[in-house]
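This report concerns only the one structure given below.
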Protein chains: 2
Amino acid sequence: MVAVERSAQSGFSRLTEALSDPAREAMVSALFGGKALPAGELASLAGVSPQSASAHLQKLTEARLLSVLQQGRFRYYRIADDEVAGLIENLVNVAARGNQAERARGLPTPLRQSRTCYCHLAGQLGVALRDGLVGRELIVLHGRQASLTEQGLAWCRAEAIDFKPGRDPHMRLCNDWTERVPHLAGPFANAILKRLIETHALAPHRVPRALRLMPKGRAFFERLGAPIPF
Amino acid sequence: MVAVERSAQSGFSRLTEALSDPAREAMVSALFGGKALPAGELASLAGVSPQSASAHLQKLTEARLLSVLQQGRFRYYRIADDEVAGLIENLVNVAARGNQAERARGLPTPLRQSRTCYCHLAGQLGVALRDGLVGRELIVLHGRQASLTEQGLAWCRAEAIDFKPGRDPHMRLCNDWTERVPHLAGPFANAILKRLIETHALAPHRVPRALRLMPKGRAFFERLGAPIPF
DNA sequence: CGGTCATTTCAGAATTCAGTGAAGCTTTGG
DNA sequence: CCAAAGCTTCACTGAATTCTGAAATGACCG
């Protein structure tokens with residue numbers, strides 16, 4: 001064998017290898033909702049023993065796909081960051097494409113309209129949120145990041161959104177895989193979604209990650225000046 | 001074992017499994033340039049024997065990541081479609097992130113400015129192209145797809161771009177992973193890139209997939225009314 | 001038609017990987 | 001301090017993957 005110097009390339013096989021097991025897929029899928037879950041729960045969700053789960057979770061964290069947060073005797077695992085979440089969503093979409101002879105015009109409508117991506121808002125509603133915030137100059141985009149303006153801060157207070165801008169960039173753009181246009185990700189986007197859910201402006205849908213837009217939510221987008229396309 | 005009904009989920013582990021081998025990564029990376037390559041060449045590029053390569057290529061095609069085109073006694077493999085190409089680019093980006101202690105502000109500048117993604121134009125120039133075409137109403141977007149207008153057809157003739165619209169959608173939006181904004185993919189986008197390269201408006205860069213913008217290319221974007229951000 | 005080339009298929013051996021039971025570590029609670 | 005809970009580590013087994021050499025397929029060429 002000539003050993004053609006199998007150069008490390010970008011090395012994405014480290015990532016895909018970590019994601020190439022059904023049990024690990026189940027764990028990542030369970031965590032994709034955005035919540036952090038303890039190892040034991042992930043084990044039973046994936047249908048494997050605690051020991052196996054531990055090994056799987058180690059692989060996933062070593063690949064930097066998950067991060068751990070130890071609290072007492074529990075170890076809470078979660079998706080490492082939005083970038084990884086975006087990758088997972090991309091994988092899910094490409095995988096779904098081949099499976100079911102193409103779902104007519106893409107995903108089921110509820111998922112297209114409004115859903116959670118990791119722990120922020122995605123779908124048509126996610127895009128509308130971004131457009132609204134940009135249009136009212138509550139946030140400004142610079143390249144792949146964004147930040148809150150003074151008016152944006154005031155808007156947060158008015159809408160009772162619990163967010164204090166830290167020193168690091170508090171927003172990023174995350175590509176929306178149904179709308180093909182970026183929506184907002186990061187701590188600020190998470191705070192908005194949290195507020196929308198706790199005020200019942202958005203409610204969980206029958207379809208797993210989808211959300212239902214309630215009258216209160218419609219009013220929220222109305223106030224923001226963001227037209228809702230449905 | 002309790003058999004917690006390890007439901008098929010979205011089944012992305014089929015995809016990731018196919019991508020989880022260094023040799024297969026090397027093959028996919030080699031094909032990412034957009035060209036179709038015969039099995040033997042892929043074997044030597046990946047540094048494996050023809051027999052091994054054959055097995056690897058079978059896995060990749062079964063996962064619908066690659067497609068085959070038989071010509072005589074050669075079998076040309078290539079990336080299945082833009083959707084897969086987008087996934088690969090996403091993987092490369094997430095993988096690169098963890099590797100090199102973060103490359104300052106993302107990718108090396110040449111790649112950010114202009115590069116090939118599968119076989120269409122990406123990076124800041126790719127985004128500029130989309131903006132220009134949309135702004136001049138040479139194409140119209142509907143959701144995740146786009147189509148050429150009458151004026152667009154005329155523009156093609158004027159620019160000597162070899163493209164005849166078929167009956168199927170000839171354009172899709174592909175998320176740009178450096179700019180976080182979609183650029184154009186699909187046959188039409190490929191035809192444009194082909195023309196830009198054959199007229200030496202764009203030339204290969206020292207950096208693998210990057211492109212250099214030549215005076216002729218600058219003029220092309222000038223005519224289109226698409227501002228170049230560098 | 002025989003020979004070669006590109007590629008695949010088919011056996012086997014070697015390696016790698018997921019799962020299991022036992023044991024260890026750390027935290028919690030009495 | 002002891003006992004239990006939550007999780008991990010270790011050593012090992014069985015299964016899945018990968019590689020290699022030999023042989024088969026099909027296309028091309030003289």
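Residue numbers start from 1 in every chain, and the chains themselves are labelled A, B, ... in the order their sequence lines are given, proteins ahead of strands. Just so you know, these numbers come straight off a predicted model, no measurement behind them.
Straight-line distance from the CG atom of A:Leu69 to the C1' atom of C:dT27: 15 Å, rounded to whole Å. Atom CD of B:Glu62 and atom P of D:dT17 are 12 Å apart (whole Å). Distance, B:Leu66 CG to C:dT8 P: 12 Å, rounded to whole Å. Remark: P of C:dA6 and CG of B:Leu57 are 16 Å apart, rounded to the nearest angstrom. Taking atom CD on B:Gln58 and atom P on D:dT17, their separation rounds to 13 Å, with Å as the unit. Between A:Glu17 atom CD and D:dT17 atom P the separation is 12 Å, expressed in whole Å. The distance from atom OH of B:Tyr76 to atom C1' of C:dT7 is 13 Å, rounded to the nearest whole Å. The distance from atom CG of B:Leu60 to atom C1' of D:dT17 is 14 Å, rounded to the nearest whole Å.
Note that the CZ atom of A:Arg115 and the CD atom of A:Glu89 stand 4.5 Å from one another [nearest 0.5 Å]. Atom-to-atom distance recorded for B:Leu148:CG and B:Leu133:CG is 8.5 Å, nearest 0.5 angstrom.
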N/O donor-acceptor pairs under 3.5 Å from side chains in residues 192-204 of chain A, not counting sequence neighbours:
residue: A:Arg195; atom: NE; partner: A:Glu159; partner atom: O; Å: 3.2
residue: A:Arg195; atom: NE; partner: A:Ala160; partner atom: O; Å: 3.2
residue: A:Arg195; atom: NH1; partner: A:Glu198; partner atom: OE2; Å: 3.3
residue: A:Thr199; atom: OG1; partner: A:Arg195; partner atom: O; Å: 3.0
residue: A:Thr199; atom: OG1; partner: A:Leu196; partner atom: O; Å: 3.3

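Look at A:Arg75 and you'll find a side-chain N or O under 4.0 angstrom from OP1 or OP2 of D:dT8. Proximity of B:Ser49 to the phosphate of D:dT20: a side-chain N or O atom is located under 4.0 Å from OP1 or OP2. Dashed line: the shortest gap from a side-chain N or O of A:Gln51 to OP1 or OP2 of D:dC10 is not under 4.0 Å. Close to C:dC17, at under 4.0 Å from its OP1 or OP2, lies no side-chain N or O of A:His56. Look at B:Tyr77 and you won't find any side-chain N or O under 4.0 angstrom from OP1 or OP2 of C:dA6. Here A:Gln70 does not reach the OP1 or OP2 of D:dC7: none of its side-chain N or O atoms lies under 4.0 Å away. Residue A:Lys59 places no side-chain N or O under 4.0 Å from the OP1 or OP2 atom of C:dC17.
Below the 3.5 angstrom threshold, one finds no donor paired with an acceptor across the side chain of A:Arg73 and the base of D:dC7.
Nucleotides of DNA chain C nearest to A:Arg24 and B:Ala55 differ in position, and the one nearer the 5' end is that of B:Ala55.
The listed nucleotides are D:dG6, C:dA18, C:dT7; the one nearest the side chain of A:Asp21 is C:dA18. Of the candidates D:dG6, C:dT8, D:dT18, the closest approach to any side-chain atom of B:Ser54 belongs to C:dT8.
Partners of B:Arg157 by side-chain contact (heavy atoms from CB on, under 4.5 Å), not counting sequence neighbours, listed by chain and number: B:Leu153, B:Ala154.
In this model, a donor atom of one side chain and an acceptor atom of the other lie less than 3.5 Å apart for B:His56 and B:Arg24.
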